[in-house]
Amino acid sequence: MPKIHVLPRHVAELIAAGEVVERPSSAVKELLENAIDAGASAITLEIKRGGVTYIRITDNGCGIAHEDAPTAFISHATSKISREEDLNGIGTLGFRGEALASIAAVSRVELLTRAQEETVGTRLCIEGGEQTLLDEAGCPKGTTLIVRDLFYNTPARMKFLKKDVAEANAVAGVVDRVALSHPEVSVRFIRDGREALLTPGDGKLLSAIYAVYGREFAQGLLPLDYSLNGVQVSGFVAKPLAARPNRTMQLFFLNGRLVKSRTAMAALEEAYRHAIMVGKFPACVMHLHMPNEAVDVNVHPAKIEVRFVNERRVFDAVYYAVKNTLQHNDPRPQVSLNRMSAPVGPAKPPVPEQITLPANKQEKKASFWGHAAAASAGGSRPSQRLQSPAQAYAHGREPDTVEAALARQVPANAVRTLAAAPAAEQGEEKREAPSVQASVAPQAELAQETAPFPENLQSDPALESGTVEKKQVEQATPPDFRIVGEAFHTYIIVECGKELLLIDKHAAHERMLYEQLRQGGGQEERQLLLAPVAVTLSKEAYAAVLQNLELLRQVGFEAEDFGGGTVIVRACPMALAQEDAAALLEELAGYLLANRRELIPEKLDWLYHNVACRAAIKAGDAATPYELERFVANLLTHDDIRYCPHGRPVLVVMSQTELEKQFGRI
């Protein structure tokens, strides 16, 4: 048991001014670090009401001698340093000697401790910094410290505390980081009578990560083990496909101490360059080990920022460690296909499936084939004649699709406008075409099950409900236009009067979805997930989400607490793909955590932006001609849609006069 003594004044003045205890989590952090410095292999933490009314920490460390117990609660009393030279090579988590004195000054503290060589323990009670009891007591080897009624004598600090749930989550975040910093220590966390965390303490970092963040996060990690220029790098980094939308899961530990190092962060992200998407960030639980003399931890009151003697050595070690891991341990994505057995005997031509259509569909089908036959009899070339499905199979080839048939009959320069026919007839005729195609080639239906645009932009609810006339009166009619084509599967080229429109379909679709969310608040566009999605977050982000569940509900997310830093998503916006729900919630959690003081309308606006951006059709996605027509018609009926929520233009207009100037016609 090391001897506790009060530091000389000139040594105490060299120590960076320590933080006062401002909330329960800061008190828990100091007490856990003291337990680890005492050599404990098992630590139990119990809190009630977020740690405001009750904190108990029990460890099996070396304990405190009877004569040193009162001295431990004096400011600048410590057993970890004694001379000025010791500050140049600090190897313990604590060294200032201020934690116990600061905690005892604002609470009621009870200490039960017994040193390894003692047969009887010690009980010490302090209230508001004044000692009230010092006596012998029976207790196991180690130390138990109980803190009651934190800030009972300082109501000004009490008023700045948050709700009990928020304070408890802050304590849970501290416990998680302590458990990850020392996997050889078994950490047990009891929260309001329930066990919230228990790490095995087997010395394996992956076991601690599994206990803290769960199986899904642990399965997406790659191991690190590298040494360069005296810097040892170990731990785990996330696979590129498991990148996250923020940096909340980047944890760096230096000689067992949690630190924030811009050098290590820059090296980590530089190693992932060209391996993850822009806007994504890698996650890691990384341990750095280097000589104590090569780092200065006495530069920040919170002891979370450090200064390296040679930052280049740290950067190189982290960079090459991560780069080496990504090159050798990250496998390429594998695709497994079901192997089908070869058919026995000679191959037979497939027999088209017979589907019974309603009377109106059968009539349209007959008129379609009859019109095609008449067109072929009217002098079309043999290569352009449209054959029935039976004729096509008889000739040993697949039947013509509707698109191919229309392409042969309609000239390439024909004008197709929504104003050419009544809306009801056109909408009905457009929707009948897929039925004909399904009866001809059922295989093609599977390839077109997923349309690139949401359903609310492909079909008109008025046509299905029979209120066509009423909707035509309420909605503006789009001007006559002709879709010339699509460039790079990104820009729709439209001829509208004497103007040529170039439409960015992603930006336009994003703006339309954004306006729908603003008008409906996301309430009408919510879909229940068949399988709820579990999202694991850091404890701080987890607390931010729980505080804003109603805010998330307003934009279409139905989420609830699952415990242990995990949130269950049971519903998401209708226009959002299910696989994007978890990634978007992680992104929203990071934003809420970083901007928790902003006004709610600004938060909602940002949430609408992100939901619309993720749900909108992406550049490069293919779309059918009918989808493009419906999309352009919807866009041209809203003259106020000119920019996407991020400020990019939705369309660019080129007049016929300007185009003719370029070709020297005028």
Side-chain angles (χ1 to χ4, degrees), residues 163-166 168-169 172-173 176 191-192 194 196-197 210 212-220 241-246 248-249 280 283 449-451 453-456 510 513-514 516-596 600 603-616:
K163 294 182 180 180
D164 293 346
V165 174
N169 286 327
D176 289 348
R191 176 174 172 175
D192 294 323
R194 296 190 304 173
L197 175 67
Y210 190 97
V212 172
Y213 292 129
R215 180 182 63 179
E216 183 178 355
F217 182 79
Q219 287 179 343
L241 293 178
R244 304 179 74 87
N246 49 57
T248 57
M249 300 296 279
K280 296 287 187 177
E449 283 184 351
T450 306
F453 291 96
E455 188 63 25
N456 56 2
E510 181 181 357
L513 293 177
Y514 170 72
Q516 290 179 7
L517 289 172
R518 287 188 59 185
Q519 295 174 7
Q523 297 289 346
E524 301 177 357
E525 299 296 331
R526 185 182 305 170
Q527 61 175 339
L528 292 177
L529 300 179
L530 183 62
V533 179
V535 184
T536 302
L537 305 168
S538 65
K539 291 301 187 295
E540 293 80 5
Y542 169 69
V545 169
L546 295 185
Q547 293 174 7
N548 292 275
L549 290 179
E550 182 60 31
L551 186 64
L552 294 174
R553 190 174 293 110
Q554 294 180 26
V555 292
F557 279 94
E558 190 72 36
E560 63 183 49
D561 183 16
F562 195 64
T566 302
V567 176
I568 290 293
V569 180
R570 299 192 179 277
C572 68
M574 182 68 69
L576 188 67
Q578 179 174 352
E579 57 270 15
D580 291 337
L584 180 56
L585 187 64
E586 292 174 359
E587 189 173 351
L588 300 183
Y591 181 83
L592 294 174
L593 178 63
N595 301 275
R596 58 168 63 103
I600 289 180
K603 288 184 179 180
L604 282 175
D605 197 57
W606 187 91
L607 295 176
Y608 292 153
H609 283 187
N610 281 268
V611 171
C613 183
R614 287 184 174 272

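Count residues from 1 along the sequence.
Across all their heavy atoms, A571 and L528 have their closest contact at CB-CD2, 3.8 Å. Nearest heavy-atom pair across P245 and E586 is CD-OE1, 3.3 Å. Nearest heavy atoms, R570 versus P532: NH1-CG, 3.5 Å. Annotation for Y210 and A218: closest pair CD1-CB, 4.1 Å, computed over non-hydrogen atoms. Here the closest non-hydrogen pair linking G220 and A242 is O-CB, 4.1 Å. Summarising the geometry of A172 relative to K539, their closest heavy-atom pair is C-CG, 3.7 Å, with the distance given to 0.1 Å.
Between the CG atom in N548 and the CG atom in L588 there is a gap of 10.0 Å [rounded to 0.5 Å].
For F217, the ring-ring contact (aromatic ring centres under 6.0 Å, His included) test picks out Y213, with sequence neighbours left out.
Taking the side chain as every heavy atom from C-beta outward, D561 and L549 never approach each other to under 4.5 Å. Looking at heavy atoms from C-beta onward, N169 lies in side-chain contact with R191 at the 4.5 angstrom threshold. Annotation: side chain of V567 is in contact with side chain of L537 (closest heavy-atom distance under 4.5 Å). Between R244 and K280, the closest side-chain pair of non-hydrogen atoms is not below 4.5 Å. At a threshold of 4.5 Å between non-hydrogen side-chain atoms, the residues E540 and T248 do not count as touching.
The neighbour count for E216 CD, taken as heavy atoms of other residues, nucleotides or ligands under 6.0 Å away, does not exceed 12.
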